[in-house]
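The structure appears right after this line, and notes come after that.
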Amino acid sequence: MNSNGSNPAPAAFAQVPAAVAPIDHMQIVIADILLPEELAAVHDALARTRFIDGRETAGFAARKVKNNRQADARDKNLDEMRSLVAARIMASELFQMAVRPKQLSPLLFSRTETGMQYGVHVDDALMRGMRTDVAFTLFLDPPESYDGGELVIESAAGDDAIKLSAGSMIAYPATTLHRVALVTRGHRHVVAGWARSFVRDAARREILFDLDTARRAIFVRDGKSAEFDLISKSLANLLRMWVDD
(Lines give C-alpha, C1' and ligand atoms only; values in the text may rest on other atoms or scores of the structure.)
Protein backbone atom coordinates (compact mmCIF):
# COMPACT_ATOMS: atom_id res chain seq x y z
CA MET A 1 0.00 0.00 0.00
CA ASN A 2 1.49 3.34 -0.94
CA SER A 3 0.72 6.61 0.75
CA ASN A 4 -1.76 7.63 -1.92
CA GLY A 5 -3.99 4.62 -1.32
CA SER A 6 -7.50 4.97 0.00
CA ASN A 7 -8.24 1.91 2.15
CA PRO A 8 -10.05 3.04 5.31
CA ALA A 9 -8.95 1.97 8.76
CA PRO A 10 -11.22 -0.53 10.52
CA ALA A 11 -14.16 1.00 12.35
CA ALA A 12 -13.51 2.57 15.71
CA PHE A 13 -16.48 1.46 17.79
CA ALA A 14 -19.21 3.70 16.37
CA GLN A 15 -17.32 5.55 13.67
CA VAL A 16 -14.55 4.87 11.16
CA PRO A 17 -11.56 7.22 11.61
CA ALA A 18 -10.70 9.06 8.39
CA ALA A 19 -7.34 7.59 7.42
CA VAL A 20 -5.28 5.61 5.02
CA ALA A 21 -4.03 2.23 6.19
CA PRO A 22 -0.61 2.20 7.85
CA ILE A 23 2.35 1.57 5.55
CA ASP A 24 5.89 0.39 6.15
CA HIS A 25 7.73 1.27 9.37
CA MET A 26 4.57 2.48 11.12
CA GLN A 27 3.98 5.40 8.82
CA ILE A 28 0.35 6.38 8.91
CA VAL A 29 -1.64 8.87 6.88
CA ILE A 30 -4.55 10.67 8.51
CA ALA A 31 -7.03 12.53 6.32
CA ASP A 32 -8.99 15.67 7.18
CA ILE A 33 -7.07 16.87 10.19
CA LEU A 34 -8.26 20.35 9.20
CA LEU A 35 -11.65 21.25 7.73
CA PRO A 36 -11.76 23.46 4.59
CA GLU A 37 -12.71 26.57 6.59
CA GLU A 38 -9.85 25.90 9.01
CA LEU A 39 -7.41 25.53 6.11
CA ALA A 40 -8.63 28.87 4.76
CA ALA A 41 -8.03 30.47 8.18
CA VAL A 42 -4.51 29.05 8.29
CA HIS A 43 -3.72 30.44 4.83
CA ASP A 44 -5.10 33.83 5.82
CA ALA A 45 -2.79 33.85 8.84
CA LEU A 46 0.18 32.71 6.75
CA ALA A 47 -0.37 35.63 4.36
CA ARG A 48 0.17 38.01 7.30
CA THR A 49 3.14 36.13 8.74
CA ARG A 50 6.82 36.97 8.41
CA PHE A 51 8.94 34.11 7.07
CA ILE A 52 12.64 33.71 7.80
CA ASP A 53 15.47 31.49 6.52
CA GLY A 54 14.69 27.93 7.67
CA ARG A 55 18.35 27.29 8.44
CA GLU A 56 17.97 29.39 11.60
CA THR A 57 16.28 26.44 13.35
CA ALA A 58 18.37 23.62 11.81
CA GLY A 59 21.20 21.72 13.45
CA PHE A 60 24.77 22.21 12.26
CA ALA A 61 24.59 19.38 9.70
CA ALA A 62 21.00 19.94 8.51
CA ARG A 63 21.86 23.60 7.99
CA LYS A 64 23.99 22.49 5.03
CA VAL A 65 21.03 20.94 3.20
CA LYS A 66 18.03 22.96 4.40
CA ASN A 67 16.73 25.52 1.93
CA ASN A 68 13.24 26.71 2.82
CA ARG A 69 11.39 29.48 4.59
CA GLN A 70 9.92 29.17 8.04
CA ALA A 71 7.36 31.26 9.90
CA ASP A 72 9.08 33.42 12.49
CA ALA A 73 8.26 31.93 15.89
CA ARG A 74 8.11 35.47 17.29
CA ASP A 75 5.33 36.45 14.89
CA LYS A 76 2.05 36.45 16.84
CA ASN A 77 -0.11 36.13 13.70
CA LEU A 78 0.13 32.34 13.89
CA ASP A 79 -0.43 31.84 17.63
CA GLU A 80 -4.12 31.05 17.24
CA MET A 81 -3.45 28.74 14.29
CA ARG A 82 -0.72 26.87 16.17
CA SER A 83 -3.19 26.19 18.97
CA LEU A 84 -5.91 25.16 16.52
CA VAL A 85 -3.69 22.74 14.58
CA ALA A 86 -2.24 21.20 17.75
CA ALA A 87 -5.75 20.68 19.13
CA ARG A 88 -6.95 19.06 15.91
CA ILE A 89 -3.96 16.72 15.80
CA MET A 90 -4.40 15.64 19.41
CA ALA A 91 -8.15 15.17 18.84
CA SER A 92 -7.54 12.66 16.06
CA GLU A 93 -8.52 9.23 17.29
CA LEU A 94 -6.21 7.58 14.80
CA PHE A 95 -3.26 9.74 15.88
CA GLN A 96 -3.93 8.73 19.48
CA MET A 97 -4.04 5.05 18.52
CA ALA A 98 -0.91 5.09 16.35
CA VAL A 99 1.31 7.53 18.26
CA ARG A 100 0.16 7.33 21.91
CA PRO A 101 1.29 10.96 22.28
CA LYS A 102 2.40 12.33 25.61
CA GLN A 103 3.55 15.73 24.37
CA LEU A 104 3.83 17.70 21.13
CA SER A 105 6.67 20.00 20.17
CA PRO A 106 5.95 23.59 19.14
CA LEU A 107 4.66 23.46 15.57
CA LEU A 108 6.70 24.79 12.63
CA PHE A 109 5.00 26.37 9.61
CA SER A 110 7.29 26.13 6.60
CA ARG A 111 7.19 27.37 3.01
CA THR A 112 9.25 25.75 0.26
CA GLU A 113 9.32 27.89 -2.86
CA THR A 114 10.25 27.05 -6.44
CA GLY A 115 13.90 26.00 -6.55
CA MET A 116 14.01 25.09 -2.84
CA GLN A 117 14.40 21.70 -1.16
CA TYR A 118 15.51 20.11 2.11
CA GLY A 119 18.20 17.47 1.69
CA VAL A 120 18.61 14.19 3.52
CA HIS A 121 18.67 14.55 7.31
CA VAL A 122 17.57 12.93 10.54
CA ASP A 123 15.64 14.89 13.14
CA ASP A 124 17.24 15.81 16.44
CA ALA A 125 16.52 13.26 19.16
CA LEU A 126 15.86 16.02 21.70
CA MET A 127 14.05 19.28 21.03
CA ARG A 128 13.72 21.74 23.87
CA GLY A 129 14.33 18.87 26.26
CA MET A 130 11.62 16.66 24.71
CA ARG A 131 12.48 13.28 23.19
CA THR A 132 11.22 13.12 19.60
CA ASP A 133 9.73 9.68 18.88
CA VAL A 134 7.35 10.49 16.03
CA ALA A 135 7.55 13.18 13.36
CA PHE A 136 4.52 14.45 11.48
CA THR A 137 3.89 16.64 8.45
CA LEU A 138 0.52 18.26 7.78
CA PHE A 139 0.08 19.37 4.16
CA LEU A 140 -1.66 22.72 3.62
CA ASP A 141 -1.75 23.11 -0.19
CA PRO A 142 -3.61 21.07 -2.84
CA PRO A 143 -1.05 18.71 -4.42
CA GLU A 144 -1.92 19.90 -7.92
CA SER A 145 -0.96 23.48 -7.02
CA TYR A 146 2.78 22.69 -7.00
CA ASP A 147 5.23 20.25 -8.56
CA GLY A 148 7.81 18.36 -6.53
CA GLY A 149 7.96 18.94 -2.80
CA GLU A 150 7.32 15.34 -1.84
CA LEU A 151 8.33 14.21 1.63
CA VAL A 152 10.69 11.33 0.85
CA ILE A 153 11.26 8.83 3.66
CA GLU A 154 14.18 6.45 3.17
CA SER A 155 14.25 2.81 4.20
CA ALA A 156 16.04 -0.41 3.30
CA ALA A 157 13.14 -1.20 0.97
CA GLY A 158 13.58 2.05 -0.94
CA ASP A 159 12.28 5.60 -0.88
CA ASP A 160 8.65 6.39 -0.12
CA ALA A 161 7.60 9.72 -1.68
CA ILE A 162 4.57 11.27 0.00
CA LYS A 163 2.46 14.17 -1.22
CA LEU A 164 -0.97 14.48 0.36
CA SER A 165 -4.14 16.48 -0.06
CA ALA A 166 -4.52 19.73 1.84
CA GLY A 167 -5.50 19.04 5.45
CA SER A 168 -4.02 15.52 5.49
CA MET A 169 -1.06 14.46 7.61
CA ILE A 170 1.54 11.71 7.76
CA ALA A 171 3.10 10.56 11.03
CA TYR A 172 6.27 8.47 10.94
CA PRO A 173 9.15 7.45 13.24
CA ALA A 174 11.52 10.36 13.83
CA THR A 175 14.43 7.90 13.58
CA THR A 176 14.29 7.81 9.77
CA LEU A 177 16.39 9.59 7.18
CA HIS A 178 14.13 11.79 5.08
CA ARG A 179 14.15 14.79 2.76
CA VAL A 180 11.87 17.20 0.91
CA ALA A 181 12.18 16.96 -2.87
CA LEU A 182 12.94 19.99 -5.00
CA VAL A 183 9.89 22.17 -5.69
CA THR A 184 9.88 22.90 -9.42
CA ARG A 185 6.61 24.87 -9.64
CA GLY A 186 4.56 26.81 -7.15
CA HIS A 187 5.13 26.61 -3.41
CA ARG A 188 4.56 24.10 -0.63
CA HIS A 189 3.23 25.00 2.82
CA VAL A 190 3.27 22.43 5.61
CA VAL A 191 3.08 22.21 9.37
CA ALA A 192 5.86 20.07 10.84
CA GLY A 193 6.09 18.82 14.39
CA TRP A 194 7.16 16.01 16.68
CA ALA A 195 5.58 13.96 19.42
CA ARG A 196 6.96 12.29 22.47
CA SER A 197 5.12 9.01 22.79
CA PHE A 198 4.16 7.20 25.96
CA VAL A 199 5.66 4.16 24.14
CA ARG A 200 9.08 5.04 22.74
CA ASP A 201 9.63 1.86 20.69
CA ALA A 202 8.04 2.00 17.21
CA ALA A 203 7.62 -1.80 17.00
CA ARG A 204 5.69 -1.82 20.26
CA ARG A 205 3.53 1.08 19.10
CA GLU A 206 2.70 -0.92 15.99
CA ILE A 207 1.69 -3.97 18.05
CA LEU A 208 -0.56 -1.78 20.20
CA PHE A 209 -2.06 -0.16 17.10
CA ASP A 210 -2.79 -3.54 15.50
CA LEU A 211 -4.42 -4.89 18.66
CA ASP A 212 -6.50 -1.75 19.12
CA THR A 213 -7.59 -1.83 15.47
CA ALA A 214 -8.53 -5.52 15.72
CA ARG A 215 -10.55 -5.14 18.91
CA ARG A 216 -12.48 -2.21 17.47
CA ALA A 217 -13.31 -4.22 14.36
CA ILE A 218 -14.50 -7.10 16.55
CA PHE A 219 -16.66 -4.71 18.56
CA VAL A 220 -18.28 -3.32 15.40
CA ARG A 221 -18.92 -6.83 14.08
CA ASP A 222 -19.88 -8.72 17.23
CA GLY A 223 -20.41 -6.21 20.00
CA LYS A 224 -18.83 -6.68 23.42
CA SER A 225 -17.88 -10.33 22.95
CA ALA A 226 -15.53 -12.56 24.92
CA GLU A 227 -12.92 -12.10 22.19
CA PHE A 228 -13.22 -8.32 22.46
CA ASP A 229 -12.74 -8.48 26.22
CA LEU A 230 -9.69 -10.74 25.91
CA ILE A 231 -7.95 -8.51 23.37
CA SER A 232 -8.86 -5.43 25.43
CA LYS A 233 -7.27 -7.01 28.48
CA SER A 234 -4.10 -7.85 26.57
CA LEU A 235 -3.93 -4.32 25.13
CA ALA A 236 -4.34 -2.72 28.55
CA ASN A 237 -1.72 -4.98 30.13
CA LEU A 238 0.80 -4.35 27.35
CA LEU A 239 0.29 -0.63 27.89
CA ARG A 240 1.02 -1.13 31.60
CA MET A 241 4.24 -2.96 30.66
CA TRP A 242 5.46 -0.54 27.99
CA VAL A 243 4.23 2.94 28.87
CA ASP A 244 6.91 5.41 29.92
CA ASP A 245 4.99 7.98 31.93
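Source: prediction; values computed, not measured.
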Checklist entry - Looking at side-chain heavy atoms only, is the closest gap between L140 and L46 below 4.5 Å? => result yes
Item to check | N-O pairing of R216 and D212 below 4.0 Å | outcome: yes
Checklist entry - Are side-chain heavy atoms of M116 and V183 found at a separation under 4.5 Å? => result no
Item to check | Sole candidate of L108, I170, V191, I162 that passes side chain to side chain contact (heavy atoms under 4.5 Å, CB included) when paired with T137 | outcome: I170
Next on the checklist: Below 30° counts as parallel, above 60° as perpendicular, anything between as tilted: where do the rings of Y118 and H121 land?
Outcome noted: parallel
Next on the checklist: Between D159 and R179, does any side-chain N to carboxylate O distance fall below 4.0 Å?
Outcome noted: yes
Next on the checklist: With clusters defined by side-chain heavy atoms of hydrophobic residues (ILVMFWY) lying less than 4.5 Å apart, directly or transitively, does L107 cluster with F51?
Outcome noted: yes
Item to check | Ion pair R50/D72, N-O distance below 4.0 Å | outcome: yes
Item to check | Heavy-atom closest contact (L208 atom, R100 atom, distance) | outcome: O-NH2, 3.8 Å
Checklist outcome for this item: Of K224, E227, R215, the one forming a side chain to side chain contact (heavy atoms under 4.5 Å, CB included) with S232 is R215
Item to check | Backbone N/O of S155 and side chain of T176: donor-acceptor pair under 3.5 Å | outcome: no
Checklist outcome for this item: Note: M97 and T213 closest approach over all heavy atoms is CE-OG1, 3.6 Å
Checklist entry - So do the side chains of L94 and F209 get within less than 4.5 Å of each other, counting heavy atoms only? => result yes
Next on the checklist: So, applying side chain to side chain contact (heavy atoms under 4.5 Å, CB included) with H178, which one of V152, I153, D160 is it?
Outcome noted: I153
Next on the checklist: Measuring only between side-chain heavy atoms, which start at C-beta, is P101 closer than 4.5 Å to M90?
Outcome noted: yes
Item to check | Residue among I30, V190, L164, L34 satisfying side chain to side chain contact (heavy atoms under 4.5 Å, CB included) with L138 | outcome: L34
Checklist entry - Do D44 and R48 touch side chain to side chain, with heavy atoms closer than 4.5 Å? => result yes
Checklist entry - Any donor and acceptor pair, going by atom type alone, linking the side chain of S225 with main-chain N or O of F228 inside 3.5 Å? => result yes
